[in-house]
Each structure stands twice: as structure tokens, then as C-alpha cells.
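Written below as C-alpha cells is the structure these notes are about.
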Amino acid sequence: MKELIRRSVTCAVLISCALLCPAQTRKVGNPEANLPPNIVQITAFGERPVVSPDGKRIAFMSKSYGDAFEFDLGSKLIRLLTGHFHNEGFLRVHYLSNGDFFLIGARKFTDIRTTRQRDQEMWVMKADAKTPPLPLDHKISEGVAVSRTRMRIAWSNTHDQYPEMLARGESVLYTADVVYKDGAPSLVNKKEVVRSKSTECTLEAQDFRNDDTELIYTCYRAPHYADVMGVDLNTGKVTTYRKIDGEYNEVEGISPDGRWTLVESSRDQGPDRQNSSNIDLWKLKLEAKSADFVRMTHWGDYEGYKASNPVVSPDGSWFAFQSARTNEPAGVGHGIFLFKLK
């Protein structure tokens with residue numbers, strides 16, 4: 001009798017898990033060869049796309065070379081932005097509101113992990129890319145938020161970059177303005193906006209919102225989850241937009257009107273795949289504890305693939321993103337794609 005009861009309980013548990021935590025069925029093939037009509041591929045290599053202020057060009061990185069490139073949506077031509085001067089490799093490229101390039105890279109390459117976590121700095125290069133970038137003399141942790149309308153940025157720092165200022169596990173979000181004096185860029189009006197003293201919430205800036213009065217950011221939650229947050233830059237009030245226990249949600253490109261944002265999410269990937277390696281792109285309405293969450297890409301339907309690093313066009317009619325692999329580090333991409341929204 002005890003054995004019968006044990007088997008019945010085990011069966012009930014397995015059935016409940018199957019109903020509540022279904023594993024996603026994987027398709028044969030790959031998503032790059034099976035594109036829906038509203039998605040087109042524009043490059044066969046590259047990662048971390050960003051859109052120019054006029055919406056006519058897309059800058060992106062190539063991890064293989066550590067160089068920045070630019071794709072012209074009209075001519076379909078690609079130009080190398082950082083190949084005419086010596087550099088140790090860049091991690092990211094962005095457009096400032098005046099059209100100049102904002103670069104993230106180290107002065108010296110040590111090894112992949114150390115250089116990425118400890119030595120990344122901010123640089124500014126003129127829009128014509130004819131002269132080497134100039135340093136802002138400030139280190140940065142991971143990505144940067146760039147205002148669409150002002151020469152304003154936001155970023156984070158951790159103990160790795162400034163061990164004399166920040167304790168282990170601590171991270172801080174800052175805002176500042178980029179100004180030019182005698183042709184050289186510098187940071188002014190630096191302000192601390194959020195501080196976390198625990199690895200329960202490691203901070204990374206993503207986008208400005210509401211005429212730059214709010215900063216949308218990711219809270220990376222140990223051991224491998226992430227949440228979508230925002231902070232009012234006038235009052236310091238923090239808003240939780242999406243925080244689900246046991247789910248990875250990293251905020252990415254925001255719409256030009258600030259009403260919604262794209263998120264790298266592990267939702268729908270199955271209970272054993274709730275992490276940054278198993279993500280697709282979702283559209284989140286930016287309201288407190290939002291439940292308006294719609295899946296946009298289905299790269300994760302294919303074993304070994306993920307879609308990541310989306311950025312929305314200035315008119316909100318499309319977004320660019322990269323194709324990526326689940327077994328590679330975050331940010332590594334295999335080509336840039338455009339997703340038509342309207």
C-alpha cells in the first residue's frame with residue numbers, strides 16, 4: 001500500500017510539473033534561415049547594434065576584431081570606423097545626440113575577463129571618424145545610456161573599476177553631460193542617482209525616459225536573474241517594472257515615446273533555462289509591475305540560438321537586433337537583423 005501511495009504521489013508531482021512548467025519544444029534548423037516576413041538580415045557578422053539619431057545608419061561591433069563598423073541603410077554599404085588608428089579593441093559603440101561616436105574600450109588588453117570587468121573606459125570620436133577617439137578619463141562597467149536629445153549619458157561603476165571607492169558587491173549609477181572645450185570632450189555635472197550595496201542587485205544603465213527625467217536600468221539579481229527598474233532623476237523614486245522570481249529580464253532598447261521597452265527575457269524557455277543564455281526579445285509596457293509583456297522573436301524555438309541586444313529606431317517603426325548563440329558570452333553576435341513593427 002505504501003508503495004502504491006508513493007507511486008501515486010510521484011505521478012501527481014510529475015503531472016503538475018509538466019502542466020505548470022512545460023519545456024519548450026525545439027524546432028529543427030535555425031532561425032536565420034527561417035525568417036518571418038517582417039524580419040530581414042542586413043549583415044552576416046556583427047553585434048550590439050545602435051541607430052544613428054537620424055535613423056539612417058546602424059553602428060555595430062565586431063568581436064572578432066574589436067572594431068566598430070557602420071551600416072548605411074540607404075546605400076547598404078559598410079564602413080570601418082576604428083581601423084585607421086591603433087587600439088586595443090572596443091567593446092561597444094553608440095551615437096551621441098550630436099552624431100559623434102561614444103566608444104567603450106580599454107587602453108590595454110590584458111585578458112578577456114580582466115579587461116572587460118576592470119579596464120573599460122569611455123571615449124568620444126568625431127562623426128566623420130577621421131581622427132582617433134579622445135578619452136573621457138573615466139572607467140565604466142558594461143553599457144551606457146545615451147540621451148536622444150541631449151549630450152547626457154548614464155553608466156555604472158563597481159568595485160572592479162574603482163576598488164578604492166566601492167566595496168566588493170557594490171555598484172553605483174551615475175549621470176553626467178558630455179561637453180567640448182577646445183575640441184576635447186569631458187564629463188561635467190556628474191551625479192550619483194542609485195547605489196546598491198549588494199550583489200542581490202548589480203546595476204547597469206540602459207535608457208533615458210520622459211524627457212530625460214527617468215533612467216531605465218537593469219538590476220542583475222544573484223545568482224543569474226535580472227529585473228527591469230527605473231529611477232526618477234528628480235525625486236530618486238525607484239519603480240519596479242518587471243521582477244519575477246526565477247526569471248531573467250534584462251531591459252534593452254526603449255521606444256522613442258518611452259511607453260514601452262524591449263527586454264531580453266528567459267520567459268517561455270522552460271524551468272531549467274531561466275538565465276541570460278536562453279533569451280528572446282519581448283515588448284514590455286512601462287508601467288509599475290507591468291503584466292503587458294509580448295514575445296517578439298522566436299530564436300529560442302531553435303536549440304542553441306537566442307536573439308539579443310535590440311535597439312528601437314527614432315520613429316519607432318522598427319528595431320535592430322543580433323542573432324546569437326546560447327553557448328557564447330553575452331554580447332557576442334552573428335549578424336544584424338531588422339524587425340519591422342509598422
*Parallel, tilted or perpendicular: ring planes of Phe319 versus Phe321, cut at 30 and 60 degrees*: tilted
*asked:* Going by disulfide bond (SG atoms under 2.5 Å apart), name the pairs with one or both residues in residues 172-244, residues two or more places apart or in two chains.
replied: Cys201-Cys219
_Could you check whether Arg273 pairs with Glu303 (Lys NZ or Arg NE/NH1/NH2 to Asp/Glu carboxylate O, under 4.0 Å)?_
yes
*Using a distance-only test with no angle check, is there a side-chain donor-acceptor pair under 3.5 angstrom linking His334 and Glu328?*
yes
*Do other residues, nucleotides or ligands put more than 12 heavy atoms under 6.0 Å from the NZ atom of Lys285?*
no
*Before accepting this row, confirm whether a basic side-chain N of the pair Asp177/Arg150 lies closer than 4.0 Å to the acidic partner's carboxylate O.*
no
_Under 4.0 Å between a side-chain nitrogen and a carboxylate oxygen: does that hold for Glu88 and Lys108?_
no
_Ignoring hydrogens and geometry beyond distance, is a side-chain donor-acceptor pair present between Ser266 and Asn278 at under 3.5 Å?_
no
*asked:* Do Lys126 and Tyr180 form a cation-pi contact, if we require the NZ or CZ to be under 6.0 Å from the six-membered ring centre and within 45 degrees of the ring's axis?
replied: yes
_Distance alone, cut at 3.5 Å: any donor-acceptor contact between the side chains of Thr158 and Gln161?_
yes
*Between the side chains of Trp299 and Asp301, is a donor N or O closer than 3.5 angstrom to an acceptor N or O?*
no
*If we ignore angles and hydrogens, is there a donor and acceptor under 3.5 Å between the side chains of Thr213 and Asn234?*
no
*Do Lys283's NZ or CZ and the ring of Trp260 fall within the cation-pi criteria of under 6.0 Å and 45°?*
yes
_Under a 3.5 Å threshold, yes or no: a donor from one side chain and an acceptor from the other, between Asp315 and Ser317?_
yes
*asked:* The test is ring pair (Phe, Tyr, Trp, His ring centres under 6.0 Å); show your working for Phe101 and Tyr95 and say whether it passes.
replied: CA-CA 5 Å; Phe101 294 101; Tyr95 292 97; 5.1 Å; yes
*Is any side-chain N of the basic residue among Glu287 and Arg259 closer than 4.0 Å to the acidic one's carboxylate O?*
no
_Check against side chain to side chain contact (heavy atoms under 4.5 Å, CB included), Phe339 and Met296_ = CA-CA 9 Å; Phe339 185 115; Met296 305 300 286; 3.8 Å; yes
*Using 4.0 Å as the upper bound for N to carboxylate O, is an ion pair formed by Arg242 and Glu247?*
yes
*Assess the pair Trp123 and Phe102: is the distance between their ring centroids shorter than 6.0 Å?*
no
_Please give the remaining members of the hydrophobic cluster of Ile254, linking ILVMFWY side chains under 4.5 Å, ordered by chain and number._
Ile216, Val228, Tyr241, Val251, Val263, Trp282, Leu284, Leu286, Phe293
*Side chains of His138 and Lys190: do they bring a donor and an acceptor to under 3.5 Å?*
yes
*Would you check if the side chain of Gln41 reaches a backbone N or O of Glu32 as a donor-acceptor pair within less than 3.5 Å?*
no
*Taking 4.0 angstrom as the limit, do Asp72 and Arg57 come out as a salt bridge?*
no
*Which pairs with one or both residues in residues 234-330 pass disulfide bond (SG atoms under 2.5 Å apart), sequence neighbours excluded?*
none
*Between Glu47, Glu121, Glu204, which is the residue that forms a salt bridge (Lys or Arg N to Asp or Glu O under 4.0 Å) with Arg92?*
Glu204
*asked:* The test is ring pair (Phe, Tyr, Trp, His ring centres under 6.0 Å); show your working for Phe45 and Phe69 and say whether it passes.
replied: CA-CA 10 Å; Phe45 74 102; Phe69 294 79; 5.3 Å; yes
